[in-house]
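Only one structure is covered here, and it is reproduced in the block below.
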Amino acid sequence: MGILAYILFFIPLLAAKESKFAMYHANQGLLLFLCMVGFYVVGAVLPLIGWQLLLLGKLAFLALMVLGIINAAKGEMKPLPVIGNITLLK
């Protein structure tokens, strides 16, 4: 469930509400998703630098997603860099 949280964050919310591990990674996946939505919105609004910002956002999203999947596969509850200390889900 932890690995799946970085691909589709809402699946662990529905299937494993009682698992602290799954909820932790679902929170990290949700944060990652919201940051990517933010990058898409900013990229769409800014005409010239938006494309470069969007490309950097996609690369950062991919790197953080892979890092989160690796942490979940190891069974660790390590926060993601930059966004990992924010808690949206209990």
Side-chain angles (χ1 to χ4, degrees):
M1 282 296 163
I3 294 170
L4 191 58
Y6 292 97
I7 300 166
L8 296 169
F9 70 90
F10 58 87
I11 299 294
L13 290 176
L14 300 173
K17 287 183 184 178
E18 66 282 346
S19 171
K20 188 173 182 178
F21 181 76
M23 289 303 289
Y24 176 80
H25 287 290
N27 181 63
Q28 297 287 298
L30 175 62
L31 285 170
L32 198 54
F33 173 75
L34 292 176
C35 286
M36 194 60 207
V37 168
F39 270 104
Y40 272 103
V41 169
V42 171
V45 171
L46 298 175
L48 296 177
I49 63 169
W51 293 104
Q52 290 84 15
L53 186 64
L54 193 56
L55 178 63
L56 289 175
K58 286 180 182 179
L59 292 174
F61 174 75
L62 181 65
L64 289 175
M65 188 171 96
V66 168
L67 186 61
I69 289 172
I70 290 171
N71 288 338
K74 288 181 181 178
E76 298 175 347
M77 291 176 58
K78 291 171 70 176
L80 293 174
V82 181
I83 64 169
N85 294 325
I86 302 169
T87 303
L88 296 176
L89 303 171
K90 299 268 177 183

Given Phe10 and Leu8, is the side-chain contact (heavy atoms from CB on, under 4.5 Å) satisfied, shown in steps?
CA-CA 6 Å; Phe10 58 87; Leu8 296 169; 4.1 Å; yes
Nearest 0.5 Å please: distance from the CG atom of Leu30 over to the OG1 atom of Thr87.
11.0 Å
Rounded distance (nearest 0.5 Å) linking atom CE of Met36 with atom CZ of Phe39:
7.5 Å
Test of understanding: clusters of I, L, V, M, F, W, Y form through side-chain heavy atoms closer than 4.5 Å, transitively. Do [X] and [Y] belong to the same one?
X	Y	result
Leu4	Leu32	yes
Leu13	Ile69	yes
Ile11	Met65	yes
Leu31	Phe21	no
Ile7	Ile83	yes

Name all residues meeting the side chain to side chain contact (heavy atoms under 4.5 Å, CB included) criterion together with [X]; count only those two or more places apart in sequence or in a different chain, and write none if there are none.
X	result
Ala5	Pro12, His25, Ala26
Leu56	none
Val42	Leu46, Leu53
Lys17	none

Would you say the side-chain atoms of Gln28 pair up with the backbone N or O of Tyr6, donor to acceptor, closer than 3.5 Å?
no
For the backbone of Ile86 and the side chain of Asn27, can you confirm whether one donor and one acceptor N or O come within less than 3.5 Å of each other?
yes
Does any pair with a residue in residues 36-47 pass side chain to side chain donor-acceptor pair (under 3.5 Å), and if so which ones, sequence neighbours excluded?
none
For a quick test of your reading: what N or O donor-acceptor pairs under 3.5 Å do the side chains of residues 71-79 make, sequence neighbours left out?
residue, atom, partner, partner atom, Å
Asn71, ND2, Leu67, O, 3.4

Kindly indicate, with the supporting measurements, whether the criterion side-chain contact (heavy atoms from CB on, under 4.5 Å) is fulfilled by Met23 and Glu18.
CA-CA 8 Å; Met23 289 303 289; Glu18 66 282 346; over 6 Å; no
For Phe33, give me all partners under ring-ring contact (aromatic ring centres under 6.0 Å, His included), at least two apart in sequence or on another chain.
Phe9
